[in-house]
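This report concerns only the one structure given below.
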There are 2 protein chains.
Amino acid sequence: MQKNSVKVSMAVVRRLPKYYRYLGDLIQNGVMRISSKELGKLMGLTASQIRQDLNCFGGFGQQGYGYNVEELQKEIGRILGLNQTYNCVIVGAGNLGQAIANYEGFRREGFALSAMFDVNPRLIGNTIRDIKIYDIQDLGTYVLENDIQLGIICVPKEQSQGVADTMMENGIKAIWNFAPADVQVRDNVVIENVAISESLYTLTYLMNEPQLEI
Amino acid sequence: MQKNSVKVSMAVVRRLPKYYRYLGDLIQNGVMRISSKELGKLMGLTASQIRQDLNCFGGFGQQGYGYNVEELQKEIGRILGLNQTYNCVIVGAGNLGQAIANYEGFRREGFALSAMFDVNPRLIGNTIRDIKIYDIQDLGTYVLENDIQLGIICVPKEQSQGVADTMMENGIKAIWNFAPADVQVRDNVVIENVAISESLYTLTYLMNEPQLEI
DNA sequence: TAGATTGTTAATCGATTAACAATC
DNA sequence: TAGATTGTTAATCGATTAACAATC
């Protein structure tokens, strides 16, 4: 997939989804081809950086022409693993869990949500978009028996590590954690700790940033 | 606030909220002091990096002792602008908007949410945690008349730029955008485009990452 | 005081940008 | 063909790490 198995830096990896999204928008707008210069202008990156990033994975462009938008998006999707299906569960069926369950882009990209879990007896047994909410007691068994690869944590921070542990004991491969506490994972399990409020605090920092005296 | 008005890099700024959160947890656990070494171990950073980061803003530690946890958290909160109150509105009262409205950490840190807006007539007039949902038609007037500084966008991507424009025409200072399309802002307005799915796609990348051959 | 740990400078490492030959 | 634009190497820039004198 990537050139002679050299590790790609996280800086590059974190830009890939953004490329994927912008290219998707271009496809929607009927754009067939694009140069690194044009794409850079659109995304706020340099043309040089875009070519460097893409060439970590291969030469997808053509001299004198640029990149075929549809082809490039497909390639990046494949690099990101979006050509596969992932069996998912959401733990925590509050507003955030429901928001994710309702997001249609989620299933479109191959995330097969099959169950949600909660502690609240008033939620257990309900369904959200045909997805049943189960008792969190049954999480471990469910993950194991249904070959769940991806667990999404939307519980309060006090419960997040416990939920992650249950998932890992039953063979989960990846955890997407929205609780505002970093979850620790064992080897061979990958984690994204989202901590949404961090981007809010970055924003308030920027609101108050002292202007430079030159 | 920061040493002789030198611009602090975004790499540093984006770590500040994480320091703030970890220090808050330490306070909750009754920890009074901490060294850069211990904090680094906890957060997965080097001691050196922590000292470098903090010294962008001043010398908050003491040789031979380390840092006073409570004092340091307070200082970082002040640097992030969390000692102030921000008048906020949320536009889009779906699950995600409601999740943010319900998040108690939000008001605790000085974010004064006074109204929500939506296009859906079935939502308009309802309240969420005492916050009334208004017709999105009234957004501009409301932002102007109530001195709203921070706008939170939780609408579909097709509407996000329009909502942002209305906010900016009426004097908003900052936009926290959850729509999966980057919103463009004028000078003097700060923006955080969150694009939650990007961290999910990073996760699937990591799940499929080829193991290094050495 | 001795030990610990900071603040800060210097060294290293990695990421971004620039440049240009290759080529469509 | 001439023009455009890639892929890739080299140069630059910035961020991280290491080292250590200062000092609590």
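Just so you know, these numbers use all the heavy atoms, side chains as well, and skip hydrogens, waters and symmetry mates. Only a predicted model underlies this, so the values are computations on that prediction, with no experimental measurement involved. Chain letters run A, B, ... following the sequence lines, proteins first, then strands; residues in each count from 1.
The NZ atom of Lys37(A) sits 15 Å away from the P atom of dG3(D) (whole-angstrom rounding). Atom-to-atom, CD of Gln62(B) to C1' of dT5(C) comes out at 10 Å; the value is rounded to the nearest Å. Rounded to whole angstrom, the span from the CZ atom of Arg51(B) across to the P atom of dT17(D) amounts to 12 Å. Atom CD of Glu71(A) is separated from atom C1' of dT6(D) by 14 Å (rounded to the nearest Å). Distance Asp53(B) CG to dG14(D) C1': 14 Å, rounded to the nearest Å. With rounding to whole Å, Phe57(B) atom CZ is found 18 Å from dT6(C) atom P. What separates OH of Tyr65(B) from P of dG3(C) is a distance of 21 Å, to the nearest Å. As a whole-Å value, the separation of Leu39(B) CG from dT5(C) C1' is 14 Å.
The residue among Gln63(A) and Gln52(A) whose nearest nucleotide of DNA chain D is located toward the 5' end is Gln63(A). Nearer the 5' end of DNA chain C, as judged by each residue's closest nucleotide, is the contact made by Met10(A), out of Met10(A) and Ser48(A).
Ion pairing of Glu75(B) with Arg78(B) is present here, as a side-chain N (NZ or NE/NH1/NH2) and a carboxylate O approach within less than 4.0 Å.
Residue Thr46(A) places at least one side-chain N or O under 4.0 Å from the OP1 or OP2 atom of dT17(C). Side-chain nitrogen and oxygen atoms of Arg33(B) include none within less than 4.0 Å of the OP1 or OP2 phosphate oxygen of dT6(C). Proximity of Ser9(B) to the phosphate of dA15(D): a side-chain N or O atom is located under 4.0 Å from OP1 or OP2.
Checking dT16(D), dT6(C), dG7(D) against the side-chain heavy atoms of Tyr67(A) singles out dG7(D) as nearest. Here the nucleotide nearest the side chain of Arg15(A), chosen from dT5(C), dT6(D), dT16(C), is dT16(C).
Under the Watson-Crick or G-U wobble criterion, with both distances below 3.5 Å, dG14(C) is paired with dC13(D). Here dT23(C) sits opposite dA4(D) as a Watson-Crick or G-U wobble pair (both hydrogen-bonding atom distances under 3.5 Å).
The line from CG of Asn208(A) to CG of Leu80(B) is 9.5 Å long, rounded to the nearest 0.5 Å.
For the side chain to side chain donor-acceptor pair (under 3.5 Å) with Ser36(B), the lone residue among Arg51(B), Lys41(B), Gln52(B) that qualifies is Arg51(B).
Heavy-atom neighbours of Lys37(B) NZ from other residues, nucleotides or ligands within 6.0 Å: at or below the threshold of 12.
Between Phe106(A) and Phe111(A), the gap from one ring centroid to the other is short of 6.0 Å.
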